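Structure first, then comments.
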Protein chains: 2
Amino acid sequence: MTPRRDTLPGRTTLPVIGQPPAERADAARNRRAVLAAARTIMVNDGVDALCMDRVATEAGVGVGTVYRRFGDRAGLAYALLDDDEQRFQAAFLFGPPPLGPGASPVVRIRAFLHAYVDRLDTHARLLALAEAQSPTARYGNGAYRTYRTHLIALLTLADAKADATYLADALLAVLGGGLFLHQRQDLQFSTDRIKIGLDQLLTGLAPTPALLPSSVG
Amino acid sequence: MTPRRDTLPGRTTLPVIGQPPAERADAARNRRAVLAAARTIMVNDGVDALCMDRVATEAGVGVGTVYRRFGDRAGLAYALLDDDEQRFQAAFLFGPPPLGPGASPVVRIRAFLHAYVDRLDTHARLLALAEAQSPTARYGNGAYRTYRTHLIALLTLADAKADATYLADALLAVLGGGLFLHQRQDLQFSTDRIKIGLDQLLTGLAPTPALLPSSVG
DNA sequence: ACGATAACCGGAGTACTCTCCATATACAAC
DNA sequence: GTTGTATATGGAGAGTACTCCGGTTATCGT
């Protein structure tokens, strides 16, 4: 048992409960170096070349440091997407309609699904990597839980009788990285076809005249 | 270049084109030994204990033999499910309604989804293992392709205007092993709740008065 | 400046999947 | 039986994810 920092005698500032101490300067430097190395590898040799040993070597740190910072391979993948993630979440939580508040729930769900497809088109390989970490890895991820909460709220508003909790996960399952790769690469689907397919699912769940397909944008 | 067996001089029986030669006796014996060892490990120590080295050792063969027979870990998992798989496919292809021919397309789809959930309840861990092999591993599997073809046919009959090819994969995505484990373990869903959720998806896709929820069985 | 201490570091070590290929074996033809 | 050949075998080895822990360093209060 070591004494806790915020019970040390002589402390002059109030302890902040629940907030971990700020990241140390060397740790921050290493974190940036690892992310930079990972991005370089990805650009040069593709997502599949992202292996932890190599990232560590090219970042000039030990492999233990990579794991300390990012937990595991999936954690590194999500960290690489963090900028996009922040922007995406801001857009559907606080941005302008139809994605953000202001539009009707069904319109917002549809906008969310379409925006997610566009995101997948850029990042599917990295997301698929992260999802493959373990069978249930995807569901524990913070970003996933945010999507889920968002969809549950909108689905509940759209149809109080539906099992929104179930349907949120169901919609997100159809947006899995592995399935998307299959659709785009093996089946040669366009992203528009995928969006139209999602519209069909959504129309069934929460029919709205205004939603019936005219254009996909 | 070695001469092909069926062009050897002096051959007295007609060559059978496209049919690989029968499995050699030693190979068959080893295949059975590997499957038996895998089942024993699974029963004693759980699905997670299924590692190729251990299976090989307990079957009394080299690890190379396991890979020759089953390709990879996912292949071994699917082989362990083969008996159930045969029965399930026979049921929805040739069995009695509502699963087999005779019932309306929508009723058959619903019966398929419910039967699949029951199957997941027994085998989700093993299926999740196989699906985690690679992001797109699931879609190349023969069983998956059979389900897919079956659902495409039924969905097309149910609604000629829908994109049955898209929707078949979408429904199967909602039946993924990883998602099922998440629903059952983390969210504590009952199988009935999952079936009702699937009904909601399906009702939206192909409304049928007779399908509206009375009981789940 | 300077300890005390908590946080961090690196890389050897473990465990696992999958490949390769020199050797061994089963089977068919005679 | 003998022989020829396709097929099977097994285990060493490569590649990779992840853990562990003795040693190091940044940071804070004095």
Side-chain angles (χ1 to χ4, degrees), chain A residues 1-16 20-31 33-34 38 41 45 47-77 129-130 132-134 137, chain B residues 1-16 19-34 38 41 48-77 129-130 132-134 137:
Chain A
M1 279 304 238
T2 50
R4 296 199 3 241
R5 157 184 268 183
D6 52 15
T7 59
L8 287 178
R11 193 183 169 95
T12 53
T13 57
L14 283 175
V16 181
E23 186 179 45
R24 243 169 62 170
D26 52 348
R29 192 181 342 114
N30 282 337
R31 199 195 63 240
V34 167
I41 292 172
D45 297 359
V47 170
D48 291 341
L50 262 190
C51 65
M52 303 300 260
D53 280 6
R54 185 169 167 196
V55 169
T57 303
E58 301 205 8
V61 303
V63 69
T65 298
V66 180
Y67 279 93
R68 158 174 294 274
R69 291 288 112 199
F70 301 101
D72 58 15
R73 221 159 95 93
L76 179 58
L129 184 90
Q133 181 75 15
S134 92
Chain B
M1 281 306 234
T2 51
R4 300 202 0 243
R5 157 185 268 183
D6 52 15
T7 58
L8 286 178
R11 194 184 170 94
T12 53
T13 56
L14 283 176
V16 182
Q19 238 183 41
E23 185 180 46
R24 245 168 61 171
D26 51 348
R29 191 180 345 111
N30 282 337
R31 200 194 63 240
R32 283 190 298 269
V34 167
I41 292 171
D48 291 340
L50 261 190
C51 66
M52 303 301 259
D53 281 5
R54 185 170 167 196
V55 170
T57 303
E58 299 204 8
V61 304
V63 70
T65 298
V66 180
Y67 280 92
R68 158 173 292 272
R69 291 288 112 199
F70 300 101
D72 58 15
R73 220 157 97 93
L76 178 58
L129 184 90
Q133 181 76 16
S134 92

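Residue numbers start from 1 in every chain, and the chains themselves are labelled A, B, ... in the order their sequence lines are given, proteins ahead of strands. Predicted, not measured: the structure shown is a model, and the values here were computed from it.
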Select from A:Ala27 and B:Gly64 the residue whose nearest nucleotide in DNA chain C is closer to the 5' end of that strand.
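Closer to the 5' end of DNA chain C: A:Ala27.
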Both B:Val63 and B:Ala25 contact DNA chain C. Taking the nearest nucleotide for each, which residue is further toward the 5' end?
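Here B:Val63 is the residue nearer the 5' end.
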Is [X] touching bases, backbone alone, or none of the nucleic acid, heavy atoms closer than 4.0 Å?
X       : value
B:Asp53 : base
B:Leu50 : sugar-phosphate
B:Arg73 : sugar-phosphate
A:Gly75 : nothing
B:Arg69 : sugar-phosphate

Is [X] close enough to [N] that one of its side-chain N or O atoms is under 4.0 Å from OP1 or OP2 there?
X       : N      : result
B:Arg54 : C:dC16 : no
B:Asn30 : D:dA8  : no
A:Thr65 : C:dG10 : yes
B:Arg24 : C:dC27 : no

Interatomic spacing from CE in A:Met52 to CG in A:Asp72 - rounded to 0.5 Å:
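So the gap between those two atoms works out to 6.5 Å.
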